[in-house]
Amino acid sequence: MKDKLMLMLPGPTPVPESALLALARAPMGHRSKDFTAILEEVSENLRWLHQTHSDVLIFSASGTGAMEAGLVNVLSPGDRVLCGVNGKFGERWADMADTFGLQCERVETEWGVPYDVDTFRSKLEADTEKTIKAVILTHSETSTGVANDIESIAKSVKAHGEALTIVDGVTSIGAMPVKMDEWGLDIVASGSQKGYMIPPGLGFTAVSERAMHVAKQAKLPKFYWSFDLAKKNLAKGTTPFTPAVNMIYALQVSLAMMKAEGLEAIFSRHAQLSAATIAGVKALGLKLLVQPESAASPAVTAVWSPEGIDADKVRGVLSKQFDIVTAAGQDHLKGKIFRIGHLGFISPRDVLMTMATLESALNTVGYTDFTAGSAVKAAADVLANA
Ligand SMILES: *Cc1c(COP(=O)(O)O)cnc(C)c1O
């Protein structure tokens, strides 16, 4: 049905009407006083969201651009880095590191299983020559619905003393705590179409003082992504190049909404949505990809399709019959799992509706091994006790 689309995706995520209306405003000059005032407000709110006193730089880019900015500003060709890989986005980091000629050591666990914190610790402890320049991590691994324990790994990096901690926070920022300063994270990259509740188009790279300092010596080439240029301009309330002015209007609105809700409330809402989704799918006899369940990401839940049933058929019914869009499995998980996003502008109502329609879609594709209404009831029980 026209205009009825409901995005239960881990990005792009639904956008509130007030942010959409902000996008429709006429653009203003990006060197104007009015625009500087907006940029200063959003920069302050971005620091709040990242729980940091450092700068959060804004790029007109998708999240991957913000990640690339994070790499090229603080590293030099041939630098040794550790890359945590347990899903598609960890692989992206490692591929990027290879592309830029870094000496990338993959620290892998199976897709669905969180990083092994001890492996990172022992590799860092063994590096007495301090050859490891960065530890590159994905906080919420969107391809599998796993939240990695980056807080613990960052502690080992701190103890190492030389390496920087570089984090993909794309589906953790705005969904779960990312305490940049307290945990000692040096780079946190994210993108607007996830927890920020606005369309794709902006990338954010938060940069610690230490990373800014390291950036002065780093030799990988950069121009558009230069931290130095971005930081100098931000200090004057402007940007080096023409920013996506209208996207920044929308960002101003969505950050104000987030501030009004409050960080703790945002995180507990996501935790509840995740718990309700998990309870719902389990009540249907379906299994989660994440192992153990305590490592589930509050942003997205990856679910094994019932034995013998193509996950994309389930997704197809959800989409065609109910206009609900869910995400597919990637690579070897294609057709095996489906992923339900519950990130950003998502409320309990959306999760209950997804559970009800999922029951119906499963029926349609021939899986009937559950009591009608059980997913809705299980999810509703979680939400009622929240
Ligand atoms: C969405 C996402 C990205 C960024 O993807 P873009 O398409 O470049 O915005 C990176 N990492 C994770 C974990 C993501 O979920």
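Just follow the structure's listing: the first ligand is 1, and inside any ligand the first atom is 1.
Smallest separation of non-hydrogen atoms from Ile38 and Met28: CD1-CE, 4.0 Å.
Judged by the 6.0 Å distance and 45° axis criteria, Lys194 is positioned over the aromatic ring of Phe89. Remark: Lys155 fails to qualify as a cation-pi partner of Trp183 under the 6.0 Å distance and 45° angle criteria applied to the six-membered ring.
Residues lining ligand 1 at a heavy-atom distance below 4.0 Å are given as Ser62, Gly63, Thr64, Met67, Phe89, Arg92, Ser140, Thr142, Asp168, Val170, Thr171, Gln193, Lys194, ordered by chain and residue number.
Proximity of the aromatic rings of Phe204 and Tyr196 is defined here by a centroid distance below 6.0 angstrom, and this criterion is met.
Proximity of a side-chain donor or acceptor of Arg315 to a complementary backbone N or O of Thr326 within less than 3.5 Å is detected. A distance-only check finds no donor-acceptor pair linking the side chain of His160 to the backbone of Ser156 [under 3.5 Å].
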